[in-house]
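Worksheet: the structure to be examined is printed underneath.
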Amino acid sequence: MTKVATRFAPSPTGPLHIGGIRTALFNWLYSKNQKGSFFLRIEDTDKERSKEEYKNQIIQSLKWIGIESDGNEYIQSKKIDDHIKIANELLKNGHAYKCYCSNEEIEEQKNRAKQKKIPYIYDRKWRDKSEADAPQDIKPAIRFKSKIDGSTLLKDLVQGDIEIENNTIEDFIILRNDGSPTYNLSASVDDHQMNITHIIRGDDHKINTFKQMQIYLAMKWTLPSFAHIPLIHTTEGKKLSKRDKASTLDDYSKIGVMPEALRNYLLRLGWSFKDKEIFTLEESIQHFSLEGIGKSPSKLDMSRILSINEHYIKNMNEDDLFNHLTKYCENYKDKIDSKSKNIKKSLSFLKNKARTLEGIYNNAQYLIKDKIKISSEDQKLLDSLAKTILKDFLKEFQNLTNINKENLEKIINNLIKKNKTNFKGVGQPLRVALVGSKFGPGIYDIIISLDKNEVIERLKAAS
RNA sequence: GGUCCCUUCGUCUAUCGGUUAGGACACAUGGUUUUCAUCCAUGAAAGAGGGGUUCGAUUCCCCUAGGGACCGCCA
């Protein structure tokens, strides 16, 4: 049996959107599950729109989520000569022909079709015309001689059997009149030369598949298997595109979604394995299969992404979580080096209050910032009684040599008794004084996580 | 308009002819708790509609409806 090879073939005309990332993920997962190879092919033949920076961004994005290609990326523009060679071969053995229609002529055909409300399909004018009739002033494009009779069956690994009439596939152009190859030609030649065995791509490529199958057949190449995965839809139910908000990877990483979480979310979007929701990378490789992919498109659900992210935050070991956090802060906030020791040891309780890295960052503000700000609303909570409580607490606290929960508890319990109040009566002013808000971590956690002199400073400032 | 695809709770999905149609997220209620959270428990919530096939259909077939993709000398 031949070794499985899959590929992901984006064009570097913008940042990858998460639909693309999911396609890449499925391809990668399938190849790994089959102990095969995964390749990245950069389809950069659209000179106008392709940019080197996007290529790098794509590679980075894939890496971020854990996908790396086997071997160097394949650059399509470097293979153009091969594509042209095949086009000429096709021309020679009668599977393609020169089309001398002018742009105006094609436009006219399209308009006519629109008026009659019939679908436009190139009228195959030059399919059987003699070269002798060719106008001298027009450079021809090369069209593939598509089958007219019969039908073609695609045994799709996700969608099942799909059969369409051959005459609905037009004689598509494979070489433009400037001599450059078009997508369907290039993709077929590349896939063949790369020995791709399984082409897993979005549903929107289905028609291309029928065109590409004909090229394979005409060249007598072994046909790969195809799997068309349903598209990801927006909440409005339309195909997700780069223009949609919250569609690129950066949209998620900047709010503190971690790669493991997004990977897990994307995996379960349109694919399932029994009732299992959380998959380690190894588990996803182990369980991934094309049969597990659903047939209907799925919508993006932000709260689900956040919830999976929350799961990873709470269950990840704290060293890894801390690494994620520092990297996140470096990329999107301020570096937290100077405060990192306090933050790291506080992760055990900070993480329980956050769904994202940004959430942890926000909750850790009282640790990160030297000075805290108390809103005027919260300031009201610091009335005269509260201030005397703070002063009393400070007095005891300063003498404390060993700051731990037991000792703090003693002080606070005494204050509760003395002032005939409850825990809230003491805890709330303390929290406001130390964090700047009535919301925040537990009092003991706050005090222990701060340096002693910092606690003293803040209590003095507030009381 | 043509071709093709899809249709189970709001969302992601399980079910591969016989289930009280399961899980997860979100939602609601209650409990734990020094606040906000976490955590725990409980609840509400689905087979688009109509025909067949069958002893029996969410599951198989057909029709209808709804949704989507494609229809470039872009990829």
Side-chain angles (χ1 to χ4, degrees), chain A residues 9-13 42-46 48-50 76 99 101 103 106 110 113-114 116-122 139-143 154 156 158-160 162-165 167-170 172-184 186-187 202-208 210 228 230-231 233 235 237-239 265 268-278 291-292 294-308 310-311 314 349-355 359 363 381 412 416 422-428 430-432 435 437-444:
Chain A
S11 56
T13 55
I42 304 294
E43 305 208 326
D44 59 343
T45 49
D46 185 338
E48 299 279 299
R49 297 192 300 148
S50 295
Q76 188 165 64
C99 165
C101 286
N103 289 339
I106 299 287
K110 283 186 185 173
K114 205 184 264 178
K116 285 196 201 159
K117 294 201 166 183
I118 55 170
Y120 164 71
I121 182 163
Y122 172 66
K139 272 204 267 172
I142 312 289
R143 286 185 185 267
L154 166 63
D156 193 286
V158 167
Q159 314 243 348
I162 303 166
E163 189 171 10
I164 73 167
E165 300 289 322
N167 61 21
T168 59
I169 305 289
E170 70 166 349
F172 54 97
I173 289 176
I174 53 176
L175 226 51
R176 301 184 183 91
N177 62 10
D178 67 358
S180 63
T182 61
Y183 168 72
N184 281 302
S186 298
D203 222 357
D204 48 347
H205 277 287
K206 221 183 291 168
I207 295 297
N208 289 328
F210 284 96
H228 291 94
L231 301 174
H233 280 180
T235 34
K238 296 270 190 278
K239 172 182 168 181
Y265 172 76
R268 278 288 286 100
L269 191 66
W271 176 85
S272 62
F273 177 74
K274 298 179 182 169
D275 273 346
K276 197 168 162 59
E277 300 283 352
I278 301 297
E291 294 80 59
K295 289 183 171 190
S296 52
S298 32
K299 289 177 186 159
L300 234 32
D301 181 0
M302 194 54 174
S303 64
R304 190 62 177 277
I305 296 174
L306 258 21
S307 145
I308 293 181
E310 182 179 18
H311 178 273
K314 296 209 164 77
F349 61 87
L350 286 176
K351 70 180 181 185
N352 282 329
K353 309 173 70 66
R355 314 190 82 186
N363 292 335
L381 294 167
I412 288 178
I416 292 171
N422 53 19
F423 194 100
K424 197 177 174 184
V426 178
Q428 197 166 62
L430 274 173
R431 183 176 291 108
V432 170
V435 176
S437 162
K438 61 185 167 183
F439 304 132
I443 288 300
Y444 303 119

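Fair warning: this is a prediction, and the values are worked out from it, not measured in the lab. Values reported hereafter were calculated over all heavy atoms of this structure, with side chains retained and with hydrogens, waters and symmetry mates removed.
Nucleotides B:G66 and B:U33 are separated by 49 Å at their C1' atoms, to the nearest Å. Atom P of B:C71 sits at a distance of 25 Å from the matching atom of B:U13, rounded to the whole Å. Taking the P atom of each, B:U15 and B:U7 are spaced 13 Å apart, rounded to whole Å.
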Classify every nucleotide of nucleotides 42-49 of chain B by which part a protein heavy atom approaches to under 4.0 Å, writing B for the base, S for the sugar-phosphate alone and - for neither, in 5'-to-3' order.
--------

Under 4.0 Å protein heavy-atom contacts per nucleotide of nucleotides 19-29 of chain B, with B for base, S for backbone only and - for none:
---BBBSS---

Using a 4.0 Å cut-off on protein heavy atoms (strictly under), produce a 5'-to-3' string for nucleotides 70-75 of chain B with B for base contact, S for backbone-only sugar-phosphate contact, and - for none.
SSSBBB

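Atoms CG (A:L154) and P (B:C4) sit 13 Å apart, rounded to a whole Å. If you take CG of A:N167 and P of B:U3, they are 10 Å apart, rounded to a whole angstrom. Between A:K276 atom NZ and B:C12 atom C1' the separation is 16 Å, expressed in whole Å. As rounded to whole Å, 8 Å separates atom C1' of B:U34 from atom CG of A:N422. Atom NZ of A:K299 and atom P of B:C12 are 6 Å apart (whole Å). In this structure, A:N352 atom CG and B:U33 atom C1' are separated by 13 Å, rounded to whole Å. When the P atom of B:C6 is taken as reference, atom CD1 of A:I162 falls 7 Å away, rounded to whole Å.
In this structure, the side-chain contact (heavy atoms from CB on, under 4.5 Å) partners of A:S180, at least two apart in sequence or on a different chain, are A:R176, A:D178. Residues satisfying the side chain to side chain donor-acceptor pair (under 3.5 Å) criterion with A:Q428, sequence neighbours excluded, are absent altogether. Every residue two or more places apart in sequence or in another chain was checked for a salt bridge (Lys or Arg N to Asp or Glu O under 4.0 Å) with A:E170, and none qualifies.
Residue-level contact check: A:G237 touches the backbone only, with heavy atoms under 4.0 Å from sugar-phosphate atoms and none from bases. Note on A:Y444: a base of the nucleic acid sits closer than 4.0 angstrom, heavy atoms only. Residue A:G270 is classed as a sugar-phosphate contact, given heavy-atom separations below 4.0 Å to backbone atoms only. Looking at heavy-atom distances under 4.0 Å, A:P441 makes contact with a base. A:I443 comes within contact range of at least one nucleobase, with a heavy-atom separation under 4.0 Å. A:K438 comes within 4.0 angstrom of a base, heavy atoms only.
A:S298 has no side-chain polar atom (N or O) that falls below the 4.0 Å cut-off from OP1 or OP2 of B:C12.
Formation of a donor-acceptor pair under 3.5 Å by the A:Y265 side chain with backbone atoms of A:D301 is found in this model. In this structure, A:K139 contributes its side chain and A:A141 its backbone to no donor-acceptor pair below 3.5 Å.
Counting heavy atoms from C-beta outward, A:L430 and A:I412 have side chains that approach closer than 4.5 Å. Side-chain contact between A:H228 and A:L154: present, with at least one pair of heavy atoms (C-beta onward) separated by less than 4.5 Å.
Across all strands shown, B:U8 has no partner, as no Watson-Crick or G-U wobble contact with both distances under 3.5 Å is found. Pairing for B:G1 goes to B:C71, judged as Watson-Crick or G-U wobble with the two contacts each under 3.5 Å.
Summarising the local packing, CD of A:E48 is surrounded by 12 or fewer heavy atoms from other residues, nucleotides or ligands at distances under 6.0 Å.
Ring orientation note: the planes of A:Y444 and A:F423 are nearly perpendicular, at an angle over 60° on the 30°/60° scale.
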Going through the distances and angles, do A:R431 and A:S437 end up as a side chain to side chain contact (heavy atoms under 4.5 Å, CB included)?
CA-CA 7 Å; A:R431 183 176 291 108; A:S437 162; over 6 Å; no

